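Source: prediction; values computed, not measured. First listed ligand is number 1; within each ligand, the first listed atom is number 1. Along the sequence shown, residues carry numbers from 1.
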Amino acid sequence: MPDQRRPPVLITDIISQASSQLREAGIDTPEHDAKLLLAEATGAELRDVDRAMMMGECVGTSEQLADFRAMLDRRAKREPLQYIVGHAPFRYLDLKVGPGVFIPRPETETVVQAGMDWLTANGLDHPRVVDLCAGSGAIGLSVATELPGSRVWAVELSRDTAQWTRRNLMEASRSHPSIASNYQLEIADATALTTLAHLDGAIDIVISNPPYVPLTQVPQQPEVRDHDPELALYGGSADGTLIPERIITRARRLLRPGGVLIMEHDVSQGDRLVSFAAHAGFTGAYTGKDWTGRDRYLFAVASADARGAV
Ligand SMILES: C[S@@+](CC[C@H](N)C(=O)[O-])C[C@H]1O[C@@H](n2cnc3c(N)ncnc32)[C@H](O)[C@@H]1O
């Protein structure tokens, strides 16, 4: 309902002014972001904002519009939209995010889908799953909620980030109570051979989105460069493959023969990581693509011999 104490403001005017502010700040999707922030501030859905715009309606109380303007100012300073609204969609989940946690990305949904497809094709409805470098919990919590028979172990190095993982675990357990006992989070170095060592040789699938940004390619977007935690971004070497290669080595030991590693990587790293996997005791390694056709993940099957060859 429009506020009676102020002259009503047409939603089309609000969105037009807000879009200009965001466009001037260099944001690529100014109208979308403005509509999403208005929806958040007024407790509405994006489709309600679209409908109100079509109908030429007025929206928001003065408090809600003040909240909206505060959010808009944060966005104009290039704070990520997801940090401002406090959550981010990922597959069937709505994950809580904020400073200290990597915002889950759409390309990682493709990586999880590749894992779900392999599990389905192999009839594994009670798989043992490891998510190395868990962040918000996007990968492991997706598997645990979409496949209730699974057991998931997730590993995250940062204590600050792990608070977000736990928050999302608690949230997801409300709608999927079984995951409270089927999902386990370890705060540890995912590349260390001692981490989850009791599971060596027993895991069906490792799905991972490790830090992989080449140190020589600092992201240009302020939302990424200035807000995603550095620990979540950089792969530890000029070409960014150091940590991904360590993840391959660790995954090889965790997997049973015939188990699978699916690991996201940078578009530039496909050939190198396929070759590394072949030397590390995997067979049938190939590079999977995201839906824009870019090389985005390693798929590799643990061979029957030479566990952890490198
Ligand atoms: C690219 S983010 C991915 C987060 C989440 N899996 C996702 O897909 O949205 C990488 C995560 O790995 C964590 N990390 C970095 N190095 C690590 C290590 N050696 N062991 C465990 N976690 C690590 C970072 O803190 C960050 O949360």
Side-chain angles (χ1 to χ4, degrees), residues 80 82-83 87-116 129-145 152-169 172 183-197 205-215 217 219 221 223-225 227-237 240-251 253-254 261-267 269 273 288 290 296-298:
Q82 296 88 339
Y83 279 4
H87 57 105
F90 187 84
R91 290 179 67 89
Y92 300 100
L93 300 172
D94 191 39
L95 296 165
K96 295 195 178 303
V97 293
V101 69
F102 180 83
I103 297 165
R105 307 292 208 268
E107 50 269 31
T108 310
E109 296 181 322
T110 315
V111 173
V112 174
Q113 188 59 48
M116 296 302 288
V129 182
V130 168
D131 170 8
L132 297 177
C133 302
S136 62
I139 294 174
L141 289 175
S142 288
V143 177
T145 51
V152 178
W153 289 265
V155 182
E156 170 56 49
L157 183 60
S158 156
R159 284 189 180 277
D160 288 348
T161 298
Q163 292 184 13
W164 291 99
T165 329
R166 281 207 199 87
R167 237 168 253 161
N168 285 316
L169 171 60
Y183 180 99
Q184 220 166 298
L185 174 66
E186 295 266 327
I187 301 177
D189 180 354
T191 67
L193 294 183
T194 45
T195 300
L196 301 184
I205 186 165
V206 174
I207 312 181
S208 176
N209 177 19
Y212 56 70
V213 175
L215 285 170
Q217 289 175 29
Q221 261 189 309
E223 287 87 347
V224 180
R225 187 191 59 221
H227 293 277
D228 274 321
E230 285 195 8
L231 187 66
L233 291 180
Y234 299 105
S237 56
T241 58
L242 181 69
I243 296 176
E245 287 177 356
R246 289 184 177 162
I247 292 289
I248 293 174
T249 305
R250 182 68 199 103
R253 282 183 170 254
L254 283 166
L261 165 65
I262 300 179
M263 183 184 70
E264 185 169 323
H265 59 63
D266 183 70
V267 292
Q269 296 164 345
L273 294 178
D290 64 19
R296 285 323 294 266
Y297 64 88
L298 170 72

Going by the order shown, which atoms of ligand 1 are within less than 4.0 Å of some heavy atom of [X]?
X      : result
Pro104 : 9 (O)
Gly135 : 4 (C), 27 (O)
Thr161 : 27 (O)
Thr108 : 8 (O)

Closest contact, heavy atoms only, [X] versus [Y]:
X      : Y      : answer
Gln269 : Tyr212 : NE2-O, 2.8 Å
Ile247 : Cys133 : CD1-SG, 4.0 Å
Leu132 : Ser208 : O-OG, 2.9 Å

Could you tell me the residue and atom name of the protein heavy atom closest to [atom], and the distance to it rounded to 0.1 Å?
atom                    : value
atom 20 (N) of ligand 1 : Ala190 N, 2.8 Å
atom 12 (O) of ligand 1 : Cys133 CB, 3.1 Å
atom 7 (C) of ligand 1  : Asn209 ND2, 3.6 Å

Judged on heavy-atom distance to atom 16 (N) of ligand 1, which of Pro211, Ala162, Gly140 sits nearest?
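Closest candidate by heavy-atom distance is Pro211.
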
Of Leu157, Leu231, Ile187, which has the heavy atom at the shortest distance from atom 22 (N) of ligand 1?
Leu157

Counting both backbone and side chain atoms, is some N or O of [X] under 3.5 Å from an N or O of ligand 1?
X      : value
Phe102 : no
Ser136 : no
Ala232 : no
Glu156 : yes
Asp189 : yes

Would you check if the side chain of [X] reaches a backbone N or O of [Y] as a donor-acceptor pair within less than 3.5 Å?
X      : Y      : result
Tyr83  : Val101 : yes
Asp228 : Phe102 : no
Asp290 : Glu107 : no
Thr195 : Ala190 : no

Heavy-atom distances under 4.0 Å decide this one: backbone, side chain, both or neither, for Ala188 against ligand 1?
backbone

Under 4.0 Å, heavy-atom basis, I'd like to know which part of Pro229 is in contact with ligand 1: side chain, backbone, both or neither.
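Neither; no heavy atom under 4.0 Å.
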
Salt bridge or not between Asp189 and Arg246? Use side-chain N to carboxylate O under 4.0 Å.
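No.
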
